[in-house]
> 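Below is a structure I'd like to ask you about.
Atom set for the values below is all heavy atoms of this structure, side chains included, hydrogens, waters and symmetry mates excluded. Numbers restart at 1 for each chain; the letters A, B, ... are given by sequence-line order, proteins then strands.
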Amino acid sequence: MTQEELFKKLIAHSKEYGFIFPSSEIYDGLSAVYDYGQLGVELKNNIKKYWWDSMVKLHDNIVGIDAAIFMHPKTWEASGHVGAFNDPLIDNKDSKKRYRADVLIEEWMAAQDNKIDKEVEKARKRFADSFNEEQFRTTSPRVLEIAEKRDTVHKRFVAALTASDLEELRQIILDCEIVCPISGTRNWTEVRQFNLMFETKMGAAADATNTIYLRPETAQGIFVNFLNVQKTGRMKIPFGIAQIGKAFRNEIVARQFIFRMREFEQMEMQFFVRPGEEMQWYEKWKATRMSWHRALGFGDGNYRFHDHDKLAHYANAAADVEYNFPFGFKEVEGIHSRTDFDLGNHQKFSGKKIQYFDPETGESYVPYVVETSIGVDRTVLQVLSASYAEEQLEGGDTRVVMRFPAPIAPVKAAVLPLVKKDGLPEVAKEIIDMLKFEHVTQYDEKDSIGKRYRRQDAIGTPICITVDHQTVEDKTVTIRHRDSMAQERVAISELPAILDKLVSMKQLFAKLV
RNA sequence: GCGGAAGUAGCUCAGUUGGUAGAGCAUUAGCCUUCCAAGCUAAGGGUCGCGAGUUCGAACCUCGUCUUCCGCUCCA
């Protein structure tokens with residue numbers, strides 16, 4: 001099975017068993033938006049709990065918050081999102097198609113290079129053995145003319161981009177006689193800045209001054225609450241603030257199932273440190289976060305760091321944790337040393353002093369920040385793709401099994417009466433009642449026992465508890481394990497302890513470094 | 001956005017030269033009572049992605065459009 005086939009099967013499986021559905025499917029779906037189904041939400045919640053507890057419960061110097069999605073518009077000026085993440089877009093009035101103005105110009109420049117190459121190839125054929133490419137490129141009037149025009153445009157283009165001169169960008173497109181690939185016309189609109197942030201209006205007077213944005217990252221909700229949390233929680237540096245929440249980015253192209261969505265969920269922790277100590281915390285959090293991923297047991301070789309050469313506007317060091325998805329190694333988490341960029345800018349834009357008095361050094365300073373930012377949906381996809389397996393069984397049978405790490409499996413145990421009479425269903429339901437306050441359970445009495453085991457395999461239930469005639473006599477049941485398919489006989493009274501041992505989140509925490 | 005592929009039942013897919021929409025699995029209700037999916041009976045479920053056009057007649061031909069996947073591109 002190729003990776004591409006695996007990915008397609010995974011998407012089909014996710015829909016078939018109620019993990020993930022295309023959004024608004026009865027209306028043909030909404031591009032790059034997905035809904036979590038009855039099992040998907042359990043899986044996602046378990047992943048979030050694993051992350052939250054590993055941060056907030058296991059660290060006495062990390063606390064959580066839940067900030068609003070709407071934030072004061074100035075937040076996004078201070079964060080740099082309003083300024084830095086606009087793309088210049090232009091529409092063709094005939095085809096109604098929208099293009100990035102800078103990309104149109106770059107493509108035109110690439111086309112000029114192609115023209116030159118074609119001239120070179122023509123000449124090479126004409127002059128055969130006596131052809132000197134270097135000389136031709138520097139002397140041919142035709143080539144020189146194209147190259148000069150290309151270079152002139154290049155200079156204007158760079159200048160226009162630097163100055164954010166939208167008029168000039170449009171003028172370049174007109175001067176180069178760039179046409180729309182669809183309509184073939186030069187009937188262009190003005191160039192407009194297109195922000196990757198979603199906009200909406202707040203309040204009754206829906207004019208421009210009331211424009212607010214759906215947050216493009218959850219981090220700013222933490223930064224603007226830095227003083228609130230630090231003071232009310234009596235936090236001492238170094239300390240962290242964790243948050244899980246939705247964020248929104250109006251990506252032009254969003255692809256690959258739930259890997260890149262326009263509405264997505266992040267789990268972020270901003271760790272505030274003394275200036276100058278950020279690099280050691282950066283290294284520490286890189287290691288801590290990697291061990292969190294590896295504790296899931298999907299194979300250490302399926303993870304790697306990707307250190308950024310090109311840093312974002314706020315960072316002085318950045319690395320991605322990449323997972324080996326069916327479509328290659330891709331980012332699931334970013335660890336960034338954000339310096340004092342965010343708190344410093346909020347201090348500047350708000351006019352409020354955002355500083356920490358360090359009792360050890362006796363100094364006040366704007367803390368530095370080391371951020372860990374992981375995509376919930378990408379982690380779900382990572383878990384789904386790592387867990388999906390098709391197995392050949394003895395006797396030629398195959399089974400599809402989701403080998404979820406037991407602590408994050410959507411359903412922890414299924415309770416199955418061997419037959420649906422002789423009082424067995426009643427006993428099974430009593431067992432469900434005993435377990436349901438601690439664990440998500442399922443009851444199933446339909447079809448043969450083997451078939452029911454396979455159904456549970458397909459949704460990744462780690463444990464099946466089977467009630468048979470012996471159960472009525474001696475209060476014991478069979479436990480059937482998902483991965484090994486092995487069975488053992490245990491007393492009903494032991495079940496809570498056994499489940500606690502096998503499916504509790506403690507199993508994962510024990511593996512954390 | 002460009003290029004390629006696809007869209008028919010919950011899932012996987014068939015559907016002949018254009019002539020009343022099919023299978024397997026799944027689901028539901030019975031029967032059977034079984035520790036690793038295959039027993040029996042019956043039932044429900046489809047505007048063939050959507051919209052035009054051609055035709056006496058379109059799942060099938062033409063055009064448009066939407067959605068998904070792959071490659072390129074982009075990605076705070």
> Does the plane of the ring in A:Phe327 sit parallel, tilted or perpendicular to the ring in A:Phe259? Use 30° and 60° as the thresholds.
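A:Phe327 vs A:Phe259 ring planes: perpendicular.
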> Less than 4.0 Å between a side-chain N and a carboxylate O, is that true for A:Asp444 and A:Arg452?
no
> With a cut-off of under 6.0 Å to the ring centre and 45° to the axis, is A:Lys330 in cation-pi contact with A:Phe325?
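The answer is no, since A:Lys330 fails at least one limit relative to A:Phe325.
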> When you measure from every atom of RNA chain B, which of residues 423-435 of chain A have a heavy atom less than 4.0 Å away?
none
> Can you tell which of A:Lys286, A:Arg289, A:Glu322 makes a side chain to side chain contact (heavy atoms under 4.5 Å, CB included) with A:Phe305?
A:Lys286
> I need a per-nucleotide contact map over nucleotides 27-39 of chain B, read 5' to 3'. Cutoff is protein heavy atoms under 4.0 Å; write B for the base, S for backbone only, - otherwise.
S----BB-BBBB-
> For A:Glu107 and B:C72, what is the distance between atoms CD and C1' respectively, to the nearest whole Å?
11 Å
> Can you tell me the base-pairing partner of B:U47? Count Watson-Crick or G-U wobble geometry only, both distances below 3.5 Å, and say none if there is no partner.
none
> Whole angstroms only, please: what is the CG-P distance between A:Asn345 and B:A76?
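Rounded to whole Å, this separation is 18 Å.
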> Judged by each residue's nearest nucleotide on RNA chain B, which is more toward the 5′ side, A:Phe7 or A:His336?
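This one resolves to A:Phe7.
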> Using a cut-off of 4.0 Å on non-hydrogen atoms, how would the nucleic acid contact of A:Phe21 be classed: base, sugar-phosphate, or nothing?
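No contact.
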> Which word best sums up how the rings of A:Phe257 and A:Tyr34 line up, parallel for under 30°, tilted for 30 to 60°, or perpendicular for over 60°?
perpendicular
> Within the side chain of A:Tyr282, is there an N or O that forms a donor-acceptor pair under 3.5 Å with the backbone of A:Ala319?
yes
> The side chain of A:Lys15 lies closest to which of these nucleotides: B:C74, B:G10, B:C69?
B:G10
> Under 4.0 Å, heavy atoms only, any strand: does A:Ala219 hit a base, just the sugar-phosphate, or nothing?
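No contact.
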> Figure out the CE/P separation between A:Met261 and B:C75, and round it to whole Å.
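Going from A:Met261 (CE) to B:C75 (P), I get 20 Å.
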> C1' atom, B:A9 versus B:G45: distance in rounded Å?
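The same atom, C1', in both gives a distance of 6 Å.
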> Across all strands shown, which nucleotide pairs with B:A42 by Watson-Crick or G-U wobble geometry, both distances under 3.5 Å?
B:U28
> Which base, if any, makes a Watson-Crick or G-U wobble pair with B:G3, both distances under 3.5 Å?
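Partner of B:G3: B:C70.
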> Hunt down the Watson-Crick or G-U wobble partner of B:G22, both distances under 3.5 Å, from any strand shown, or write none.
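When the pairing criteria are applied, B:C13 turns out to be the nucleotide that pairs with B:G22.
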> Within 45 degrees of the axis of the six-membered ring of A:Tyr388 and under 6.0 Å from its centre: does A:Lys9 put its NZ or CZ there?
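A:Lys9 over A:Tyr388 ring: no.
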> Scan A:Val321, A:Thr379, A:Ile335 and name whichever one has a side chain to side chain contact (heavy atoms under 4.5 Å, CB included) with A:Ile374.
A:Thr379
> Could you tell me the Watson-Crick or G-U partner of B:U54, where both distances fall under 3.5 Å? Say none if there is no partner.
none
> Using the P atoms only, state how far B:C32 lies from B:G51, rounded to an integer number of Å.
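Nearest-Å result for B:G51 against B:C32 at atom P: 48 Å.
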> Provide the distance between the two P atoms, one in B:A38 and one in B:C25, to the nearest whole Å.
11 Å
> Any chance you could measure A:Met55, atom CE, to A:Thr372, atom OG1, to the nearest 0.5 Å?
3.5 Å
> Work out how far the C1' atom of B:G49 is from that of B:U68, and round it to whole angstrom.
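Pairwise C1' distance, B:G49 against B:U68, rounds to 11 Å.
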> When the P atoms of B:G30 and B:C66 are considered, how many whole Å apart are they?
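To the nearest whole Å, 48 Å.
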> Do NZ/NE/NH1/NH2 and the carboxylate oxygens of A:Glu217 and A:Arg338 come within less than 4.0 Å?
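Salt bridge: yes.
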> Within this structure, what is the CG-to-C1' distance between A:Leu214 and B:A76, rounded to whole angstrom?
16 Å
> Hunt down the Watson-Crick or G-U wobble partner of B:C35, both distances under 3.5 Å, from any strand shown, or write none.
none
> Under 4.0 angstrom, heavy atoms only, what part of the nucleic acid is A:Gln256 near: base, sugar-phosphate, or nothing?
sugar-phosphate
> Using the P atom on both, measure B:A29 against B:U12 and round to a whole Å.
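Looking at atom P only, B:A29 and B:U12 are 25 Å apart.
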> Considering only the P atoms, how many Å lie between B:U8 and B:C48, rounded to the nearest integer?
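B:U8 and B:C48 have their P atoms separated by 12 Å.
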> Between B:U68 atom C1' and A:Glu25 atom CD, what is the distance in whole Å?
11 Å
> Atom CG of A:Leu10 and atom OG of A:Ser387: how far apart are they, to the nearest 0.5 Å?
9.0 Å
> Look through every strand shown and name the nucleotide pairing with B:C60 as Watson-Crick or G-U wobble, where both distances are under 3.5 Å.
none
> Between B:C75 and B:U28, how far apart are the two C1' atoms, rounded to whole Å?
47 Å
> Atom CD of A:Glu16 to atom P of B:A9: distance rounded to whole Å?
13 Å
> Please say whether more than 12 non-hydrogen atoms of neighbouring residues, nucleotides or ligands are located less than 6.0 Å from NE2 in A:His439.
yes
> Which atoms of nucleotides 42-51 of chain B (N or O only) lie under 3.5 Å from a protein N or O atom, and what are those distances?
from, atom 1, to, atom 2, distance (Å)
B:G49, O2', A:Asp28, OD1, 3.3

> Atom CG of A:Asp377 and atom P of B:C75: how far apart are they, to the nearest Å?
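The answer, rounded to whole Å, is 21 Å.
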> For the residue pair A:Phe223 and A:His346, does the interplanar ring angle fall in the parallel (under 30°), tilted (30 to 60°) or perpendicular (over 60°) class?
tilted
> So, the side chain of A:Glu331 versus the backbone of A:Asp320: is there a donor-acceptor pair under 3.5 Å, distance only?
no
> Rounding to an integer number of Å, can you tell me how far A:Arg249 CZ sits from B:C74 C1'?
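About 13 Å, once rounded to whole Å.
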